[in-house]
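One structure below.
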Amino acid sequence: MRQLIAGNWKMHGLTAEAAAIATPLLDAGALTRDLLVCPPATQIAAVVRILAGSPVAVGGQDCHTETHGAHTGDISAAMLRDAGARFVILGHSERRQNHGESDALVRAKTLAAVAAGLTPIVCVGETDAERQAGRESSVVGGQLTGSLPDGFAGVVAYEPVWAIGTGRTATEADVAAMHLFIRQELVRRFGAAGEETLILYGGSVRPSNAASLLAVPHVGGALVGGASLKAEDFLGIARA
Ligand code: 13P
């Protein structure tokens with residue numbers, strides 16, 4: 001299974017910046033890993049046009065549970081798909097925290113994404129306080145149980161909240177333990193399909209630490225925030 005290097009641009013990327021990040025990806029050459037960029041919704045169609053004909057996929061950062069309707073400001077999975085997206089990030093900790101997204105809501109969004117033909121990337125991860133209290137496995141286990149619908153076919157991203165945007169990366173031992181735990185949970189619930197699920201690691205991934213993180217067993221790739229805003233760094237991670 002090829003690893004996936006996904007860039008989450010978060011709320012970054014005016015037109016010129018989006019083009020500056022995406023255009024160099026056209027010259028990436030042959031890579032052993034798959035690439036995905038998730039620009040803000042306003043730039044998805046433009047980035048899809050820039051990357052047309054290249055193997056780099058484009059995704060959204062969130063979607064609504066419904067296909068359409070009276071939901072001012074929201075964007076449906078079908079709209080993302082229509083704009084050319086193939087993936088969507090769901091349940092990112094910033095949405096769980098800033099928008100009060102529950103596991104049940106993330107599960108409903110995941111079903112909507114699949115129905116629209118998108119591959120969901122469902123994010124889980126504990127806070128610093130939860131890890132200090134030794135609760136990281138129970139927190140992540142609960143998020144998996146609540147956020148993943150039956151028959152889940154998508155990607156899981158483990159992003160410890162304390163490692164996001166902090167420069168504080170989880171140790172290889174912590175990543176190994178959590179990714180093994182997530183794998184066991186996926187296999188327990190989904191059987192053989194759970195063996196194949198890509199489990200991305202996210203949280204301060206850089207070109208300098210990518211090789212060691214990507215070599216950890218059950219790490220199926222990376223979900224990259226800050227370092228995905230520079231094509232050179234993003235490609236550095238993809239080539240690590
Ligand atoms: P950073 O790579 O900036 O720590 O962000 C990680 C993240 O939240 C990706 O979704």
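All ligand and atom numbering here is 1-based and tracks the order in the structure.
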Requested in this report: Mark the output for Gly202 as yes if a heavy-atom distance to ligand 1 is under 4.0 Å, and as no if none is.
Outcome: no
Query raised in the report: Distance-only, no hydrogens or angles: does the Gln143 side chain make a donor-acceptor pair with backbone N or O of Gly125 under 3.5 Å?
Result: yes
**Report entry** Where ligand 1 meets Gly226 - atom numbers and elements under 4.0 angstrom, heavy-atom basis
**Finding:** 1 (P), 2 (O), 3 (O)
**Report entry** Any donor-acceptor N/O pair, Thr127 side chain to Val161 backbone, under 3.5 Å
**Finding:** no
Query - Atoms in ligand 1 flagged as close to Ala163, the criterion being non-hydrogen separation under 4.0 Å - result: 4 (O)
Query raised in the report: By ring-ring contact (aromatic ring centres under 6.0 Å, His included), which residues pair with His218, not counting sequence neighbours?
Result: none
Query - Gln3 side chain vs Leu214 backbone, donor-acceptor pair below 3.5 Å - result: yes
Report task. Can you figure out which of Glu94, Lys10, Gln61, Glu159 has its heavy atom closest to atom 9 (C) of ligand 1? Result -> Glu159
Query raised in the report: Counting both backbone and side chain atoms, is some N or O of Gly225 under 3.5 Å from an N or O of ligand 1?
Result: yes
Query raised in the report: Mind checking whether His179 and Tyr158 have parallel, tilted or perpendicular rings, split at 30° and 60°?
Result: perpendicular
Query - Which of the ligand 1 atoms, numbered from 1, are nearer than 4.0 Å to a heavy atom of Leu223 - result: 9 (C), 10 (O)
Query raised in the report: Would you call Glu126 and Trp162 a side-chain contact if the rule is heavy atoms closer than 4.5 Å?
Result: yes
Query raised in the report: Is the backbone of Gly146 close enough, under 3.5 Å, to the side chain of Arg107 for a donor and an acceptor to pair up by distance?
Result: yes
Report task. Answer with yes or no whether Ser204 contacts ligand 1, where contact means a heavy atom under 4.0 Å from a ligand atom. Result -> yes
Query raised in the report: Should you measure from each heavy atom of Gly165, which atoms of ligand 1 turn up under 4.0 Å away?
Result: 1 (P), 3 (O), 4 (O)
**Report entry** Test of proximity, Thr166 against ligand 1: N or O pairs below 3.5 Å
**Finding:** no
